[in-house]
Amino acid sequence: MLYSDKVLDHFTNPRNVGEIADADGIGEVGNAKCGDIMKMYLKINGGMIEDVRFKTFGCGAAIATSSMATELIKGKPIEEALGLTNQAVVEALDGLPAVKIHCSVLAEQAIKSALADYYRRQGIDPEPIVGKIEECEACHSDGE
Ligand code: FES
């Protein structure tokens, strides 16, 4: 089987899908290579990720990883969301096929982009905290 039970579960029944009308941070990232787009909404209160929602126009792996990523940061301090790596998301899903690893990067970057927006709204330069929002190397390196 190409995909783990957890990947299939999160793909067919994604958690935290939707928008947050009064979000404190909104991030949007795209994967130039496949054209997939992910939007992430955060509600932040007292340094905690109180709520998180996402919308993904993308492949099954992108949907499953965003779903798992939201589960991993919901109710957690901002610091934990900042430290979330795509590897951690992939591990929590019991792995992804190698060609789909780049899809998990989209989820990590969408969260970082939403956190950057959160800091920007408070007049804080997000780059020293969040770092640069970049596509994964895999997306650059194969071919073009
Ligand atoms: Fe585009 Fe998976 S193929 S994110």
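Atoms within a ligand are numbered from 1 in the order they appear, just like the ligands themselves.
Taking OG of Ser66 as the start and NZ of Lys39 as the end, the distance is 14.5 Å to the nearest 0.5 Å. Interatomic distance, Lys55 NZ to Met38 CE, rounded to the nearest 0.5 Å: 13.5 Å. To the nearest 0.5 Å, atom CG of residue Leu96 and atom CE of residue Met68 are 10.5 Å apart.
Sorted by chain and number, the protein atoms of type N, O or S within less than 2.8 Å of atom 2 (Fe) of ligand 1 are Cys59 SG, Cys103 SG.
Checking side-chain atoms of Glu71 against main-chain N and O of Ser67 turns up no donor-acceptor pair under 3.5 Å.
Of the listed residues (Ile26, Ile73, Ile78, Asp51), just one forms a side chain to side chain contact (heavy atoms under 4.5 Å, CB included) with Leu42, and that residue is Ile73.
Looking only at atom types and distance, the side chain of Ser4 has no donor-acceptor partner in the side chain of Asp94 under 3.5 Å away.
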